[in-house]
Structure formats: structure tokens, C-alpha cells
Amino acid sequence: MAGIGGKSGESASSAFAPIRAWLIAPTWLMIGFFLVVPVGTMLVYSFLTKEFRGGVIWEFSLAAYDRFIFDRGLFGDEPPKLELTYITIFARSIVQAAIATALCLIIGFPTAFYIATRPVSTRAIWLFLVTVPYWVNLLVRTVSMKFLVRESGPLNTFLQWTGVISEPLQIINTDFAVQLGLFYSYLPFMVLPIYASVERYDFALSEAAADLYAGKWTILRKVLLPTVKPGIIAGCILVFVPSLGAFLAPDLLGGAKNFMIGSLIEEQFKGNAGNWPFGAAASMILLSMVLIVLLFYARRQSVRAGA
Amino acid sequence: MALASRNIRKYPGFFSMTLLCMVLLYAPLAVVAAYSFNDSLSITRWGGFSFRWYLDVFFGLEADKFRDAAWNSLSIAFLAATASTIIATAASIGMVRGGEFRAKPASFALISLPLMVPEIVTAVATLIFFSAIGFVRGYATILVAHIVFCIPFAYLPIEARLRGIEGTFEEAAQDLYASRGQAFRFVLLPLMAPGIVAGYLLAFIISLDDFIITNFVKGAGIETLPTAIFGAVKQGIKPNILALSTLMLLISIGFVTISYFVSRKGVKPGGHGAPETT
């Protein structure tokens with residue numbers, strides 16, 4: 001069985017073939033039983049009737065999805081009107097996640113580029129600095145941001161002390177605070193993939209463009225950006241997807257007015273006021289949106305690989 | 001033109017953006033750490049340097065609550081990281097050294113599923129599932145949920161490491177009359193060790209970090225550090241929360257530092273520095 005000669009690489013790569021089913025089975029069981037089956041159960045629950053004290057009655061109903069789109073009045077005998085509350089929450093979540101992604105890109109791209117063009121010896125230190133906050137508890141980071149930007153917080157005190165502003169800035173409980181929180185939560189996800197693609201970028205291309213009298217920013221736009229685009233897209237998806245369903249940043253920094261999908265879902269499962277089928281339906285819609293984004297990305301990748 | 005082409009790696013403003021990035025990343029943490037030493041009942045005014053809020057965390061009115069929460073957090077992280085690392089190590093060997101098989105793409109999709117499903121959706125699905133099968137929510141449900149979402153985080157570094165190990169090492173061992181088990185235990189496993197340690201640390205910190213899923217599946221009467229902090233912060237940020245946050249910050253930084261050195265060790269060709277596994 002120990003390969004002497006030509007086919008040695010192959011024999012090692014399938015050395016565990018006889019027991020591979022046993023090796024992978026625990027993963028199949030754990031994720032299958034405790035994630036795939038639960039998502040299936042959630043799908044079923046989204047078509048059930050709500051019970052008033054939380055939980056469900058096993059009776060088929062489309063009420064959860066219906067409630068999303070239509071307002072049928074209290075007794076259901078009025079003509080249905082378009083219900084905008086939940087559509088607005090979803091639309092706001094998409095906009096907030098998109099703005100947070102844009103913020104991450106604006107700050108993250110120059111950072112990634114700067115790090116990737118450092119000498120190899122200092123790159124590791126810069127990367128280390130970017131990744132440390134990712135390892136810090138997300139809740140701790142969000143609470144820290146809340147502490148910093150709140151009305152009588154250190155940021156306002158500092159700005160008033162320096163005389164930049166006379167009245168404290170109202171940052172907390174605004175849309176901007178949520179964007180800032182999402183930005184802070186997921187910034188490393190933007191920097192790392194862009195860094196990886198800029199690091200692989202061959203600067204001879206830029207030099208060739210410069211020899212042909214292209215200006216610096218033209219080179220950036222027409223040569224570098226198209227080449228590192230896969231990294232940028234990966235970074236955008238890695239920030240956008242978790243931002244869409246985020247709970248902590250909107251909840252702690254946004255206050256009651258700036259509801260996002262995460263808070264809407266969470267509310268359906270808290271205490272006795274909840275509506276489980278509705279929460280399950282909202283989760284299914286969120287999951288579908290995320291899977292669509294990911295499928296789109298996977299298709300692009302496979303098209304790219306095929307070309 | 002030579003001067004211009006030497007400058008193509010430099011863009012004006014990129015360094016200031018990097019500095020801005022660093023300030024944005026570290027300012028909130030630095031401010032919280034600084035104010036945790038504030039000797040004042042108000043979180044706004046500076047009243048001099050003191051350790052009183054650290055003492056408060058350990059011996060104050062809420063000390064019991066925090067101690068229980070810390071114990072739950074750490075023990076769950078320890079158990080979840082251990083279980084998910086064992087499961088992920090086995091899976092990575094099956095995937096990388098198991099030859100080609102039909103279910104391979106599906107297996108990989110399944111392993112990365114916890115990364116793709118939004119956390120809050122996993123939380124809702126797990127809550128509904130446990131409630132549907134009539135399982136009482138508590139320590140066990142948190143642990144199971146944590147093992148599941150830690151698997152991909154443990155798997156990825158281990159798989160990456162294993163992919164980088166050439167099969168010739170095991171073959172050489174077997175040529176020298178090592179049995180399959182010996183080749184695995186004395187050759188492959190030590191070579192995999194840096195990946196396994198990195199995967200374990202990542203799983204541990206991910207479990208320690210989790211708030212949303214824990215909050216859904218924990219049931220009443222049991223808290224982990226994040227859920228305890230969240231509950232406290234809902235009533236306003238108090239100075240002892242700043243001290244507790246700073247302690248968690250230190251734990252995280254300790255972990256990154258360890259993992260940084262472990263992964264540096266792993267970079268060395270052939271992994272000759274791999275520790276003994278006995």
C-alpha cells in the first residue's frame with residue numbers, strides 16, 4: 001500500500017478512502033440534524049397558525065406571509081390594503097447594509113492597498129492590527145461604540161472641548177449610528193479579501209500602463225481595479241450578508257426608530273407577545289435573500305473559472 | 001518615466017485612510033478600557049484612576065451573576081471547541097485523504113452551511129426545532145447549537161493545513177514499516193497539529209463571542225457572558241460593564257496573540273516545529 005514510485009501522490013490522497021464515510025458522518029449528523037432539519041422545521045412553522053402565548057397551532061395557514069404584504073383590517077372584511085410596515089423594514093435593512101458595505105469599501109480598500117504595498121516584514125504587523133478587533137467579542141465592540149458616540153460620551157466631550165462643535169452631536173439612535181456599528185462589526189471582512197487580491201497583483205501591469213503615459217488614477221481605475229475586482233466583490237458580500245440580518249448594531253445603536261430585519265425577527269420570539277409563524281416567515285425571507293446573493297456570487301465564480 | 005513608475009505603489013491619501021481605519025477600529029476599545037479605570041459613579045466624568053470597578057465585577061453585588069455567566073461561557077466554549085475540533089479533524093481527513101467520491105461537493109456545502117445561513121436564522125430555526133421536539137432549553141441546547149456553528153470555523157484551518165501536507169511523509173513512514181495507525185499518529189497528526197490548534201482557538205473564540213444564537217436557545221435562568229452583558233446594557237451602560245468588557249477584551253487579545261504565534265509556527269516548511277502529540 002505504501003506507494004513506491006510514480007503513483008505515490010494519489011495513494012496518499014486516498015489513504016483514508018475505506019473509512020471516509022465514518023470520518024465525515026459526525027459532521028453530516030450534527031449539521032444535518034441540528035441545522036438542516038431545524039431550517040426545514042422553520043419552513044413548516046411559517047405555514048402554521050399562531051398561538052397567542054407564543055408557539056403554534058398545527059393548522060395550515062398563509063397568514064404569516066399574508067401579513068407581510070397585506071393589511072386586511074381587524075376583522076378581515078375590509079378590502080385588503082398593501083401593508084408597508086414590513087416591506088419598509090426589509091428595504092431599510094437592505095439600504096443600511098448597502099451603506100455599511102460602501103463605508104467599509106471606502107475605508108477598507110485604501111487600507112488593504114496600503115498594507116499590501118508594505119515590505120513583507122511589516123505586512124504581518126498591519127494585518128495583525130486589522131484582525132485583532134475581529135477577535136474581540138462583537139457585543140463588547142458594539143457596546144464600546146455605543147459608549148463612545150452617546151450624547152454625553154467621550155466623542156462629544158472631546159469635540160466640545162476642542163471647540164469643533166458647541167452642542168453635542170446626536171449620533172446615537174440615528175441611521176448613521178447603525179451604519180457606523182455595522183461598519184465597525186465587519187470592516188476586517190472587507191480588508192482581508194481585498195488585501196489578498198492586491199498582494200497577488202503584479203505591479204508590472206501598472207508600470208506598463210505608466211510607460212504608456214497613463215496617469216496614476218487612470219491606472220488605478222483601468223488596470224488595478226478590474227484585476228482585483230474578485231477580492232472587492234468577495235469583501236462586499238462578506239460585509240453585506242451579515243449586515244443584512246444583524247441584530248446587535250441596530251438594536252444597541254439604532255434605538256426603536258431604526259428597526260431592521262434582525263430586530264423584527266427577534267421581537268417575534270420574545271415573551272408572550274410574539275408571533276412564531278410570522279418570525280419564521282421573516283427568517284425564511286431573509287434566508288432566501290441571502291441565498292440568492294450567494295448563488296449569484298457562486299455563478300459568477302464558476303463563469304469566471306470556466307472562461 | 002522611471003520616477004513615476006516607482007511611485008505606482010503609492011497613492012496620496014491612502015496612508016491617511018489607513019490611519020483613519022486604525023483609529024476607528026481602536027478608539028472605541030481604547031476609550032472603554034480607559035474609562036473602566038474611572039473612580040467615579042458616573043460614566044461621564046473622570047474621577048481619577050482606580051480598580052474599583054474590577055473589584056466590583058469580582059466581589060460586588062452582581063459578582064455571582066457574572067461568575068456563573070463566565071463559568072457557563074468558558075465551559076461551553078471549551079466543550080464546543082473540543083467537540084467541533086474532533087468532528088472537523090475527522091471530516092478534513094475524510095475530505096482531503098479520502099479520494100474522490102460523489103458526495104464530496106455536497107459534504108463541503110454542508111460543512112460551510114453554518115457560515116452561509118445568517119446567524120439570526122440559525123437561532124430561530126434551532127429554537128423552533130428544540131421547541132418542536134419538546135427539548136427543554138438550557139445548557140445542553142446552547143452547547144449543541146455552539147458545536148454546530150463552530151464546525152466550519154474549526155474545519156477551515158485544519159483542512160488548509162492538511163492540504164499543504166504532502167502524502168510522501170506518510171508513505172515514507174509506511175515504507176519504513178510503520179503501520180497505518182502509526183503513520184497517522186506519529187507522522188500525519190503532528191504535522192496537522194498547527195492547523196488543529198488554530199482551528200480549536202478559532203472555534204473557542206467564536207463560541208465565546210456568540211450572542212444571538214445563545215440568546216434564542218438559552219431558555220430562562222441561564223446566562224453566558226454576552227447575554228449577561230446585553231441584559232445589563234439594556235438598562236444603561238454602568239462602569240462595571242466597562243470593566244467586564246475590558247477583561248473580555250484582554251482575553252480576546254491573549255487568544256489572537258497565541259494563535260498568531262501558532263500560525264507562524266505552521267508557516268515553516270514541513271512543519272518541523274510541530275509539537276509531539278502523545
Side-chain angles (χ1 to χ4, degrees), chain A residues 2-3 8-9 12-17 20 23-24 26-28 30-31 34-35 37-39 41-42 45 107 110-111 113-114 117 128-129 132-133 135-140 143-145 147-148 152 154 187 203 206-207 210-211 216 219 245 247-248 262 265 269 279-280 283 286-287 290 294, chain B residues 1 4-5 8-9 14-15 17-18 20-22 25 28-29 31-32 44 87 90-91 93-94 97-99 107 110-111 113-114 116-118 120-121 124-129 132 144 147-148 151 167-168 170-171 174-175 205 209 211-212 226 229-230 233 237 245 248-249 252-253 255-256 260:
Chain A
S8 57
S13 73
S14 55
F16 290 89
R20 71 181 165 219
L23 290 169
I24 305 177
T27 307
W28 274 92
M30 281 307 285
I31 299 181
F34 292 109
L35 187 60
V37 173
V39 169
T41 317
M42 183 177 78
Y45 263 52
I107 306 260
T111 307
F113 185 94
Y114 181 80
T117 52
F128 183 72
L129 286 175
V132 166
W135 290 70
V136 176
N137 194 296
L138 181 60
L139 177 67
V140 168
V143 169
S144 304
M145 186 55 95
F147 179 76
L148 179 66
S152 55
L187 179 65
F203 275 93
S206 291
E207 273 167 42
D211 287 345
K216 230 179 195 181
I219 297 175
F247 170 72
L248 283 174
I265 293 174
F269 295 93
S283 303
L286 172 63
L287 180 61
V290 166
L294 293 178
Chain B
M1 266 343 266
S5 54
I8 46 164
R9 287 156 186 270
F14 276 29
F15 178 60
M17 281 301 225
T18 309
L20 177 66
C21 180
M22 292 300 152
L25 284 178
L29 302 176
V31 164
V32 163
T44 315
I87 293 171
I93 295 170
R97 291 284 202 262
S107 300
L110 196 73
I111 292 169
L113 195 64
M116 291 193 271
V117 178
I120 192 140
V121 176
V124 167
T126 314
L127 166 67
I128 287 178
F129 174 71
V144 167
I147 293 173
V148 170
I151 289 175
T168 42
E170 294 140 85
E171 280 153 21
Q174 292 187 351
D175 286 347
I205 209 95
D209 188 60
F211 167 73
I212 296 174
I229 293 181
F230 183 79
V233 167
I237 303 176
S245 298
M248 291 182 74
L249 183 70
S252 305
I253 289 174
F255 262 84
V256 207
Y260 180 72

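Keep in mind that the numbers below use all heavy atoms, side chains included, and drop hydrogens, waters and symmetry copies. Lettering of chains follows the sequences in order, A, B, ..., and the numbering in each one begins at 1.
A pairwise comparison of heavy atoms in B:M22 and A:L129 identifies SD-CB, 4.0 Å as the closest pair. Here the closest heavy-atom approach between residue A:S283 and residue B:V121 is recorded as O-CG2, 3.7 Å. Pairing each heavy atom of A:N137 with each of B:P226, the nearest pair is ND2-CG, 3.8 Å.
No other option in A:A280, A:P154, A:G245, A:G279 has as many heavy-atom pairs under 4.5 Å with chain B as A:P154. Of all the listed residues (B:I212, B:V144, B:L249), the one sharing the greatest number of non-hydrogen pairs under 4.5 Å with chain A is B:V144. Most heavy-atom pairs under 4.5 Å with chain A: of the set B:V124, B:V117, B:V31, this distinction falls to B:V124. Most heavy-atom pairs under 4.5 Å with chain A, from the set B:A125, B:G99, B:P114, B:A91: that is B:A125. Of the listed residues (B:V233, B:T126, B:L29, B:L20), the one with the most heavy-atom contacts under 4.5 Å to chain A is B:L29. The choice from A:T27, A:I31, A:T41, A:L148 that makes the most heavy-atom pairs within less than 4.5 Å of chain B is A:I31. Contact tally against chain B (heavy-atom pairs below 4.5 Å) for A:V37, A:L287, A:L294: the top residue is A:L287. Ranking B:I237, B:I128, B:V32, B:I120 against chain A, the residue ahead of the rest is B:I128, based on heavy-atom pairs under 4.5 Å. For chain B, the option among A:L286, A:I265, A:T117, A:L139 with the highest count of heavy-atom pairs below 4.5 Å is A:L139.
A donor-acceptor pair under 3.5 Å is formed between the side chain of B:D209 and the backbone N or O of A:L138.
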Output, in order, the C-alpha distance, side-chain angles, deciding distance and verdict of side chain to side chain contact (heavy atoms under 4.5 Å, CB included) for A:L187 and B:C21.
CA-CA 9 Å; A:L187 179 65; B:C21 180; 3.4 Å; yes

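Both the backbone and the side chain of B:L110 have a heavy atom closer than 4.5 Å to some heavy atom of chain A. Heavy atoms of B:I253 lying under 4.5 Å from chain A belong exclusively to its side chain. Looking at B:I151, the atoms closer than 4.5 Å to chain A (heavy atoms on both sides) all sit in the side chain, from C-beta outward. Both the backbone and the side chain of B:I111 come within contact range of chain A, with heavy atoms under 4.5 Å apart. With a 4.5 angstrom heavy-atom cutoff, B:M116 touches chain A via backbone and side-chain atoms both. In this structure, the portions of A:V39 lying under 4.5 Å from any heavy atom of chain B include both its backbone and its side chain. Contact of B:L113 with chain A is made through backbone and side chain together, with heavy-atom distances under 4.5 Å.
To the nearest 0.5 Å, atom CD1 of residue A:I24 and atom CD1 of residue B:I93 are 10.5 Å apart.
Between A:F247 and B:F211, the two ring planes are parallel [angle under 30°; tilted spans 30° to 60°]. The aromatic rings of A:F113 and B:F14 stand perpendicular to each other, their planes meeting at an angle above 60°, with 30° marking the opposite boundary.
Looking only at side-chain heavy atoms (C-beta outward), B:P28 and A:F147 stay at 4.5 Å or farther from each other.
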